[in-house]
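Structure record follows, encoded as structure tokens.
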Amino acid sequence: MAGAAALRRSARRISRHLAAAPAFCRSALQQPERLLSSQASPEHGARGAVSGSELALYPPERVRNFSIIAHVDHGKSTLADRLLELTGTIQKGHGQPQYLDKLQVERERGITVKAQTATMFYRHITASQDSDTPRYLLNLIDTPGHVDFSYEVSRSLAACQGALLVVDAAQGVQAQTIANFYLAFESNLSIIPVINKIDQPTADPDNVKDQLKRLFDIDPSEALLTSAKTGKGLEQVLPAVIERIPSPPGKCDAPVRMLLLDSYYDEYKGVICHVAVVDGALRKGDKIASAATGRAYEVLDLGIMHPELTPTGVLYTGQVGYVISGMRSTKEARIGDTLHQAKSTVEPLPGFKPAKHMVFSGLYPADGSDFEALNHAIEKLTCNDASVSVTKETSNALGMGFRCGFLGLLHMDVFHQRLEQEYGAQVISTIPTVPYIFEYGDGSKVQVENPAALASNPGKRVAACWEPTVIATIIIPSEYVGPVIMLCSERRGEQLEYTFIDAQRALLKYRLPLKEIIVDFYNELKGITSGYATFDYEDSEYQQSELVKMDILLNGQPVDAMATIVHNQKAQRVGKELVEKLKKFIERQMFEITIQAAIGSKVIARETLSAMRKNVLAKCYGGDITRKKKLLEKQKEGKKRMKRVGSVDIPQEAFHELLKVSNSK
């Protein structure tokens, strides 16, 4: 009772102080979220609440959906931060650079992995307007820049009508700049070139304008010169977005249709779907259905990302937001699906091209008893990363696990890191491989994603093999052309194009086997060019090649998780490197361990790990030599028995080393 009375007295004192304060102070104390920049919409404070009636003020003509695309480290995320601050969506100096990079792996590596959406409200002021300046709703999508996450970029562009193409004023157009430009161009988006980092001492905006004109036929006068770090030139970005990017083309009076852009799993709310409303309007309590599965759901909550989840109760035509509908299984949220009004028939939206997996690897729990926990973690993570394919498989050496398909090696590495950081899973990953096609003498063909599945059947002769290839685009300073051509030749590359972008930089195009680039090609390319090279690739057709399956044997027993497919010319050298690496990382046992690399029944490399032995002659201070021989023979027989029944534990470090060696030059 005494505590309650004290609280009431404190409340009365605070009320008296507020009443005595000047009016403007009272307003600021009671509504601090309204203290925004002059161009932020006054009724939407920094991360403040937004009601459905306020969203109704933004018809499709007042909505702009745009994405930021660029090469890695050209300033996409920093530019997104400045735009969020300029519109009052986040407070300046919030203490968290790259605000939209929310994953721990993104902050540790300094790269964007997941495309993130934020809704901004902006008052567009022009010279011809007096007082009633129109307000606009802007949906910004920050996209990844690395080649492995181009699927994320293509999904993001499906929800946009325009894109900001950010180019570093010092580095100029680079490989992923070209790739992202054509992704946006093929999607018929309005492209606004933004030359960023003009504050750098080495910046050369005029040279970058010439490159944009030569490569993309972009008028140099259309380029915006900015510095996201200092804020210079940013005031012209959002007006350009409003004036140059068209509004969404949807129909307000049509039945609701939404494109499912992304999803992730929340332990309390279930599956949270990010959607773009193409036609109609969606309200809380509506019944919706999936065009892909036919299942119906009730809309439990919906709203916008401002920049966190902000409930609004309604989403209108052209707007991008989130929907919570009670989905509990991650398999129900299919990326690219069309969600529509239940018990109605609509034409499904085009959706997305299915992700084409370039790299396959086995994932196994470090402890066999953790299989169910790993299964649960992978199921939740694939809801947030729809570009991963997962199938269950069993290994004689590692037990039950999963065969996963990834878009590239960095994608695979990030997936493993997220499993460990977000779900605490300890995993063993096998050597990454690519999908091959094998044709047998009887004319039958089989696609092989797991080398262990390619049985060494003497009754079926392999008549031909095909491996996937890629078209690689490499941009380098002209003085490094020679070493790069030599590297591509060593990796069995075929030159397709060799041109100069300007006096200092050259563009090379090569057709390369995918197997040759998935592990260490990019690292070597960076090494021989002092870090100046940029690299991008797109998948091409299969080409015929001389391929063989190489097994790793421990004491004559094949380890299926270490099987790999290599080119015949490289088999001997790769086999020798593999067994030498394994010898370093496998612990010595009480019996001898024989490590072999074999193609079929032919052993092409061998190493022997000697046994640990007790000095059985220590007690013999003399006597006949036959006594010593008898003790040594007895020890030798014991070692043979142990070798027959003993097992060899393969540490995770050995798999990591095999990953590095399997594709080395």
Side-chain angles (χ1 to χ4, degrees), residues 356-362 403 405-409 412 430-458 460-474 484-497 508-522 524-525 535 537-552 560 562-578 597-602 604-605 658-665:
K356 187 165 186 179
H357 302 108
M358 311 286 277
V359 178
F360 290 85
S361 175
R403 171 67 41 174
F406 303 96
L407 303 181
L409 198 73
M412 181 184 84
T430 63
I431 300 172
T433 185
V434 299
Y436 301 98
I437 295 176
F438 284 80
E439 182 180 357
Y440 294 105
D442 59 2
S444 61
K445 290 183 180 181
V446 60
Q447 179 166 313
V448 177
E449 297 166 357
N450 182 2
L454 184 64
S456 302
N457 189 347
K460 297 186 75 173
R461 180 181 61 85
V462 175
C465 317
W466 286 270
E467 63 179 341
T469 63
V470 296
I471 303 297
T473 302
I474 304 170
V484 171
I485 289 178
M486 189 178 298
L487 172 65
C488 293
S489 299
E490 289 173 355
R491 299 301 181 103
R492 302 186 283 129
E494 173 194 352
Q495 191 178 100
L496 303 177
E497 185 180 337
L508 298 173
K509 278 199 174 183
Y510 269 86
R511 176 177 281 109
L512 288 160
L514 178 60
K515 175 73 172 176
E516 297 288 345
I517 69 168
I518 61 170
V519 176
D520 66 339
F521 179 82
Y522 188 53
E524 283 205 39
L525 181 65
F535 174 68
Y537 62 85
E538 59 186 51
D539 59 292
S540 185
E541 72 271 3
Y542 277 71
Q543 72 177 13
Q544 196 165 345
S545 186
E546 297 181 24
L547 304 172
V548 290
K549 176 191 175 186
M550 186 171 68
D551 289 305
I552 299 295
D560 53 357
M562 290 187 173
T564 184
I565 295 174
V566 296
H567 193 268
N568 194 30
Q569 293 178 353
K570 296 188 173 185
Q572 186 126 8
R573 180 179 49 76
V574 172
K576 188 172 186 299
E577 291 179 0
L578 287 176
I599 298 173
S601 58
K602 180 185 176 182
I604 59 172
L658 289 188
L659 187 149
K660 295 175 185 175
V661 172
S662 61
N663 272 53
S664 61
K665 62 177 182 177

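Because the structure is a prediction, the values reported are computed rather than measured. If you read the sequence from its start, that first residue is 1, and numbering goes on from there.
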Would one find more than 12 heavy atoms of other residues, nucleotides or ligands at under 6.0 Å from atom CD of E546? no
For a 4.5 angstrom cut-off between non-hydrogen side-chain atoms, does Y440 reach V462? yes
Between atom OG1 of T564 and atom CG of N450, what is the distance when rounded to the nearest 0.5 Å? 10.5 Å
Closest heavy-atom pair and its distance - L512, R491: CD2-O, 3.8 Å
Minimum heavy-atom distance V548-A571, with the two atoms named: CG2-CB, 4.2 Å
Tell me every residue that passes side chain to side chain donor-acceptor pair (under 3.5 Å) with Q495, counting only those two or more places apart in sequence or in another chain. Y510
What is the minimum heavy-atom distance between Q544 and W466, and which atoms define it? N-CD1, 3.4 Å
Salt bridge (Lys or Arg N to Asp or Glu O under 4.0 Å) partners for E494, two or more places apart: R511
So L578 and M550, side-chain contact (heavy atoms from CB on, under 4.5 Å) or not? Walk me through it. CA-CA 11 Å; L578 287 176; M550 186 171 68; 3.2 Å; yes
About how many Å separate CD of E439 and OG of S444, when rounded to the nearest 0.5 Å? 8.0 Å
What are the two closest heavy atoms between G362 and T430, and how far apart are they? N-OG1, 2.7 Å
Restricting to ring-ring contact (aromatic ring centres under 6.0 Å, His included), what partner residues turn up for F521, sequence neighbours left out? F535
Residues passing the side chain to side chain donor-acceptor pair (under 3.5 Å) test with K445, sequence neighbours excluded, are none
Close side-chain approach of V484 and L525, heavy atoms under 4.5 Å: yes
Measure the CD-CD distance between E490 and E524 for me, rounded to the nearest 0.5 Å. 7.5 Å
Report the residues that fulfil side-chain contact (heavy atoms from CB on, under 4.5 Å) with A463, sequence neighbours left out, ordered by chain and then residue number. R461
Can you list everything that forms a side chain to side chain donor-acceptor pair (under 3.5 Å) with N568? Sequence neighbours excluded, please. none
Backbone N or O of E541 within a donor-acceptor pair of the T469 side chain at under 3.5 Å? yes
Which heavy atom in P435 sits nearest to a heavy atom in Y542, and how many Å separate them? O-OH, 3.0 Å
For R403, the salt bridge (Lys or Arg N to Asp or Glu O under 4.0 Å) test, sequence neighbours excluded, returns E393
Student check: side-chain heavy atoms of I474 and C488 closer than 4.5 Å: yes
Among residues at least two apart in sequence or on other chains, which ones pass side-chain contact (heavy atoms from CB on, under 4.5 Å) with A563? P451, K549, D551
The salt bridge (Lys or Arg N to Asp or Glu O under 4.0 Å) partners of K509 (sequence neighbours excluded) come to none
Heavy atoms of I604 and Q572 approach each other most closely as O-NE2, 3.7 Å
Applying side-chain contact (heavy atoms from CB on, under 4.5 Å), name anything that partners S545, two or more places apart in sequence or on another chain. E467, R492, L547, H567
Who are the side-chain contact (heavy atoms from CB on, under 4.5 Å) partners of S601, not counting sequence neighbours? none
